[in-house]
Enquirer: 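Please see the structure below; I have some questions.
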Protein chains: 2
Amino acid sequence: MIDPELISLFEFFKRYSRLSEEAEKAISKICKVITIKRNTDLQPIGHTCKTIYFINKGIARIYYLKDGVDITESFSFENNIIARVESLFTGKPSRKAIQILEDAELIAINSDLLFKMYDQFPEIERLFRLIMEAAYVDTVNRIESIQFYTAEERYKALMKENPDVIKRVPLKYIASYLGITQVSLSRIRGMK
Amino acid sequence: MIDPELISLFEFFKRYSRLSEEAEKAISKICKVITIKRNTDLQPIGHTCKTIYFINKGIARIYYLKDGVDITESFSFENNIIARVESLFTGKPSRKAIQILEDAELIAINSDLLFKMYDQFPEIERLFRLIMEAAYVDTVNRIESIQFYTAEERYKALMKENPDVIKRVPLKYIASYLGITQVSLSRIRGMK
DNA sequence: GTAATTATTTATCTTATGATAAATACTTCC
DNA sequence: GGAAGTATTTATCATAAGATAAATAATTAC
């Protein structure tokens, strides 16, 4: 029997590939459910990322400091994963932090243990390959959006694609995600 | 014996993982060496990407049209791969094209055949997982560079990291890669 | 429920980049 | 090697977004 707290994680996995029961059991063993209060850093800047998180409830963001200014790299919502891949895949300390924006329940998957399971379970390696390929595609598409649309176009696209962000996340975090200052975002919002 | 034209490809692979001889042989079978003249489109816009290319000689770029204007997404040089991942991994037609900028010798790897080999050769699946993870990390890092540095900073960083680009690629292609117009790039270059 | 803190908006002025046009430099091809 | 085509630079003017400061609104903590 699968831990009821892990059901949504395995539903998420099914969007990418099917796992055998043994594989599900093996993954279950390296999952830890944790709850975190909002406005806390789940992982600080400078920490080497050894965890892939799945969000059962809440919102998280990845951010870093550029010349002391807080910059949001990405947001993650319910039923999605979040990880600092540039650290996870290189083993180097991350310049980025993961912060919880709404009281959250997360599933933490230890990446050392996960990667070790790849030899025994090629199906798990495949699953995470597919998840990461999809995330890679999202990132490639994001470059296009950042580089070749105006701030106003990007704001409107975000409102359309993910209205939840605007409702649930402070605008100051959204501004840097869009690549502009908070003042500029406010100006764009005021324009009608 | 490995076809001498494929040696650099297998050297490239060794940077990520070791392959058994059978696996190398299997990959060799789905590789095709091709030569292409400069200024030709290797794959046109609208085509569904079914090939991963390795560059033995020459330069390629991925570009697309935004409101009729040519935008460079990326460049690839000798001893690297190039593919339109957003099509390769989704099976959807790409809005992007691959163009050859200098007379080139390429190794074309058929992705349908490659992906089919993953069941028989988990080591090949692993190899390409690692290659794509590294490419994903590069892309994440590129977002940071596009979004939070000025055009001038980006130009100087490019000169430092990859002076070859400036020497071998027409500036008009570099400008859109940096996210600015050619006129702006010319202005930045003239500033000192 | 009020004070203190934090978030958002508004205003002003500055600046980097865009758009357009024209001048110059460089390539290619017969 | 000269004409035609292409690439790059320079100039001018317009505009989106940045920086700073101050005003207002919303949230949080006691």
Side-chain angles (χ1 to χ4, degrees), chain A residues 36-41 58-59 61 63 65-72 75 99-103 144-159 163-192, chain B residues 37-41 58-59 61 63 65-72 75 99-103 143-159 163-192:
Chain A
I36 307 271
K37 286 273 164 215
R38 80 202 193 87
N39 288 335
T40 52
D41 271 10
I59 305 180
R61 70 176 183 123
Y63 74 94
L65 299 176
K66 151 123 171 109
D67 303 332
V69 178
D70 177 313
I71 306 282
T72 299
F75 299 107
Q99 184 190 26
I100 299 302
L101 297 179
E102 278 183 5
D103 291 358
E144 199 180 325
S145 118
I146 296 172
Q147 193 155 18
F148 303 110
Y149 292 86
T150 64
E152 190 183 344
E153 286 169 329
R154 277 175 271 148
Y155 173 69
K156 284 183 176 160
L158 182 66
M159 277 212 300
D164 255 28
V165 183
I166 315 283
K167 282 183 215 128
R168 295 168 67 185
V169 174
L171 291 171
K172 62 177 174 173
Y173 296 145
I174 294 172
S176 65
Y177 174 75
L178 293 172
I180 54 178
T181 61
Q182 192 188 354
V183 173
S184 290
L185 177 57
S186 201
R187 179 159 40 195
I188 287 166
R189 284 160 57 82
M191 287 197 315
K192 123 102 220 81
Chain B
K37 287 273 165 216
R38 80 201 191 88
N39 288 335
T40 51
D41 272 10
I59 305 180
R61 72 175 180 121
Y63 75 94
L65 300 176
K66 150 120 171 112
D67 302 334
V69 178
D70 178 313
I71 307 280
T72 298
F75 298 107
Q99 185 190 26
I100 299 302
L101 297 180
E102 279 182 4
D103 292 357
I143 285 190
E144 199 179 323
S145 118
I146 297 173
Q147 194 156 18
F148 304 111
Y149 293 86
T150 65
E152 191 182 344
E153 286 169 328
R154 277 175 271 150
Y155 173 69
K156 284 181 175 160
L158 183 65
M159 279 212 299
D164 255 29
V165 183
I166 315 282
K167 283 183 212 127
R168 294 168 69 185
V169 173
L171 291 171
K172 62 177 175 172
Y173 297 144
I174 294 172
S176 65
Y177 174 74
L178 294 172
I180 54 178
T181 61
Q182 191 186 355
V183 173
S184 289
L185 177 57
S186 201
R187 180 160 37 196
I188 287 166
R189 283 161 57 84
M191 286 197 315
K192 122 105 220 73

Enquirer: Distances under 3.5 Å only, N/O to N/O: pair up the protein atoms with those of nucleotides 12-18 of chain D.
Expert:
residue: D:dA17; atom: OP1; partner: A:Ala151; partner atom: N; Å: 3.0
residue: D:dG18; atom: OP2; partner: A:Thr181; partner atom: N; Å: 3.2
residue: D:dG18; atom: OP2; partner: A:Thr181; partner atom: OG1; Å: 3.3
residue: D:dG18; atom: OP2; partner: A:Ser184; partner atom: OG; Å: 2.5
residue: D:dG18; atom: N7; partner: A:Arg187; partner atom: NH2; Å: 2.9
residue: D:dG18; atom: O6; partner: A:Arg187; partner atom: NH1; Å: 3.1

Enquirer: List for me each residue that meets salt bridge (Lys or Arg N to Asp or Glu O under 4.0 Å) alongside A:Asp41, sequence neighbours excluded, and say none if there are none.
Expert: none
Enquirer: Can you pull every protein N or O that's under 3.5 Å from an N or O on nucleotides 28-30 of chain D?
Expert:
residue: D:dT28; atom: OP1; partner: A:Arg38; partner atom: NH2; Å: 2.1

Enquirer: Roughly, in whole Å, what's the span from CD in A:Glu102 to P in D:dT27?
Expert: 13 Å
Enquirer: Has the side chain of B:Asp103 got a donor or acceptor atom that lies under 3.5 Å from a matching backbone atom of B:Arg38?
Expert: yes
Enquirer: With a cut-off of under 6.0 Å to the ring centre and 45° to the axis, is B:Lys66 in cation-pi contact with A:Tyr149?
Expert: yes
Enquirer: Under 4.5 Å between any side-chain heavy atoms of B:Val165 and B:Tyr177, yes or no?
Expert: no
Enquirer: Return the set of residues passing salt bridge (Lys or Arg N to Asp or Glu O under 4.0 Å) with A:Lys167 (not counting sequence neighbours), or none when no residue passes.
Expert: none
Enquirer: Kindly express the pairing pattern of DNA chain C in dot-bracket notation, using | wherever a base pairs with another strand and counting only Watson-Crick or G-U pairs under 3.5 Å.
Expert: ||||||||||||||||||||||||||||||
Enquirer: Under the ring pair (Phe, Tyr, Trp, His ring centres under 6.0 Å) test, which residues partner A:Tyr155, sequence neighbours left out?
Expert: none
Enquirer: Which pair of heavy atoms, one from A:Thr150 and one from A:Glu153, lies closest together, and at what distance?
Expert: N-OE1, 2.8 Å
Enquirer: Counting only non-hydrogen atoms, which of residues 165-176 of chain A are less than 4.0 Å from DNA chain C?
Expert: A:Pro170, A:Leu171, A:Lys172
Enquirer: Which residues pass the side-chain hydrogen bond (donor to acceptor under 3.5 Å, both in side chains) test with A:Tyr173, sequence neighbours left out?
Expert: none
Enquirer: Would you mind reporting whether B:Ile100 and B:Ile59 have side-chain heavy atoms less than 4.5 Å apart?
Expert: no
Enquirer: Restricting to side-chain hydrogen bond (donor to acceptor under 3.5 Å, both in side chains), what partner residues turn up for A:Gln182, sequence neighbours left out?
Expert: none
Enquirer: Are side-chain heavy atoms of A:Ile174 and A:Thr72 found at a separation under 4.5 Å?
Expert: no
Enquirer: Could you pull out all residues at least two apart from B:Glu144 that satisfy salt bridge (Lys or Arg N to Asp or Glu O under 4.0 Å)?
Expert: A:Arg95, A:Lys96
Enquirer: With a 4.5 Å cut-off on side-chain heavy atoms, are A:Glu102 and A:Asn39 touching?
Expert: no
Enquirer: Which residues satisfy the salt bridge (Lys or Arg N to Asp or Glu O under 4.0 Å) test with A:Asp164, sequence neighbours excluded?
Expert: A:Arg168
Enquirer: Just the endpoints, please: which first and last nucleotides of DNA chain C, 5' to 3', lie under 4.0 Å from a heavy atom of chain B?
Expert: C:dT17 to C:dT28
Enquirer: Does A:Leu65 reach the side chain of A:Val69, with side-chain heavy atoms less than 4.5 Å apart?
Expert: no
